[in-house]
Amino acid sequence: MTVIFEAEPEHLSAVRDIAYQTWPSTYKDIVSQEQIEYMLERMYDLSELQHQMTHKGYVFLIAKVEESILGFISYELNYKNQPQTKIHKIYLLPQSQGRGIGKALIDQVVLAAQLAQNQQLILNVNRKNKAVQFYEKVGFIATATEDIDIGRGYLMQDFIMTKTV
Ligand SMILES: CC(C)(COP(=O)(O)OP(=O)(O)OC[C@H]1O[C@@H](n2cnc3c(N)ncnc32)[C@H](O)[C@@H]1OP(=O)(O)O)[C@@H](O)C(=O)NCCC(=O)NCCS
């Protein structure tokens, strides 16, 4: 049975490990290997993850079966001081995808957002990522596009997607 629980700082190295195991298959046909490495170093540095948890109010939920951590989602209530919840990251190990765990993680964030009286979930996703279809399936719609310059000449070509809760 899959258990979902809120992460403590000690779980953040597992979060980082999941990202490193999941990014190559997720992004190999979308961005270069160099860009994957650059973004992982920037976004999954342990001290950066700790800072997000302890100072920026990000909540990390972990999905676990027995002793194995399979994936995580991170979110932020009242994003930009608006009644909205930002989903920052959601990654499941390749062998754990397609089993309903992603939807279960989104459902938990919907509950947290409702409790906080937030009115929508919001996220960014690469326009070529198959996850776009997953998000549509669980009730998100693409409301805008956003191209973000992340340095070294790299560009993130995203959809902004939202879901009313
Ligand atoms: C995207 C991700 C979180 C989805 O989680 P998941 O556990 O694989 O998805 P689920 O099994 O919960 O799927 C829920 C529904 O979406 C559908 N779905 C999932 N992926 C889909 C896809 N690529 N295309 C169409 N439908 C899809 C499922 O069929 C399911 O539909 P159902 O309820 O009718 O059965 C997961 O696949 C993942 O970690 N992918 C790689 C990392 C990634 O891209 N993260 C997002 C970065 S923004």
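Just follow the structure's listing: the first ligand is 1, and inside any ligand the first atom is 1.
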Counting from 1 in the order shown, the ligand 1 atoms closer than 4.0 Å to a non-hydrogen atom of Y91 are 39 (O), 42 (C), 43 (C), 45 (N), 47 (C)
Treating Q97 as the side-chain partner and L92 as the backbone partner, does any N or O pair qualify as donor plus acceptor under 3.5 Å?
yes
heavy-atom search around atom 35 (O) of ligand 1 in the protein gives K137 NZ, 4.8 Å
Quick check: do F140 and L121 have side-chain heavy atoms less than 4.5 Å from each other? yes
Nearest heavy-atom approach of M43 to L49 is O-CD2, 3.8 Å
Per-atom filter on ligand 1: closer than 4.0 angstrom to a heavy atom of I101 are 7 (O), 12 (O)
Within the 4.0 Å heavy-atom cut-off, what R99 brings close to ligand 1 is backbone
Decide whether an N or O pair under 3.5 Å exists between V125 and ligand 1. no
Taking the side chain as everything from C-beta on, heavy atoms only, tell me whether I106 gets closer than 4.5 Å to F134.
yes
L105 side chain reached by D107 side chain, heavy atoms, under 4.5 Å: no
With heavy atoms and a 4.0 Å threshold, my read on which part of Q97 contacts ligand 1 is both
Closest to atom 18 (N) of ligand 1 among protein heavy atoms sits F134 CA, 4.0 Å
TODO: Could you tell me how the ring of Y38 sits relative to the ring of Y154: parallel (under 30°), tilted (30 to 60°) or perpendicular (over 60°)?
DONE: tilted
Counting from 1 in the order shown, the ligand 1 atoms closer than 4.0 Å to a non-hydrogen atom of T26 are 41 (C), 42 (C), 43 (C), 44 (O)
**Prompt:** Taking the six-membered ring for Trp, are H11 and F5 ring centroids under 6.0 Å apart?
**Reply:** yes
Practice task
Compare all side-chain heavy atoms of T85 with those of Y79 and state whether any distance is below 4.5 angstrom.
Solution key: no
Looking at atom 5 (O) of ligand 1, would you say a protein heavy atom lies below 4.0 Å from it?
yes
Here the atoms of ligand 1 under 4.0 Å from any heavy atom belonging to A131 are 1 (C), 44 (O), 46 (C)
Considering only protein heavy atoms, determine whether one is less than 4.0 Å from atom 8 (O) of ligand 1. yes
* Under 3.5 Å: N/O of L92 near N/O of ligand 1 -> yes
Exercise. Would you say Y135 contacts ligand 1, with heavy atoms under 4.0 Å as the rule?
Worked result: yes
Side-chain donor-acceptor pairs of residues 50-62 under 3.5 Å, sequence neighbours excluded:
unit_1, atom_1, unit_2, atom_2, d
Q52, NE2, E48, OE2, 3.0
T54, OG1, Q50, O, 2.7
Y58, OH, H88, NE2, 3.4

**Report entry** Sub-3.5 Å N/O-N/O distance, V138 and ligand 1
**Finding:** no
The closest protein heavy-atom partner of atom 11 (O) of ligand 1 is G100 N, 2.7 Å
The option among I90, L93, L70 carrying the non-hydrogen atom nearest to atom 3 (C) of ligand 1 is I90
For the pair K128 and D158, find out whether any cationic side-chain nitrogen is under 4.0 Å from an anionic carboxylate oxygen. no
Closest to atom 44 (O) of ligand 1 (heavy atoms only, candidates I18, L105, N129) is N129
If we number the atoms of ligand 1 from 1 as shown, the ones under 4.0 Å from a heavy atom of Q133 are 22 (C), 24 (N), 25 (C)
Say whether E146 and N124, considering side chains only, have a donor N or O and an acceptor N or O under 3.5 Å apart. yes
When distances are taken from atom 23 (N) of ligand 1, the protein heavy atom at minimum range is K130 O, 3.3 Å
Can you find a heavy atom in the side chain of K89 that is under 4.5 Å from one in the side chain of I73? no
Per-atom filter on ligand 1: closer than 4.0 angstrom to a heavy atom of K103 are 12 (O)
Q | Sub-4.0 Å protein heavy atom near atom 28 (C) of ligand 1 | A | no
Shortest non-hydrogen pair, A19 vs P24, comes out as O-CD, 4.5 Å
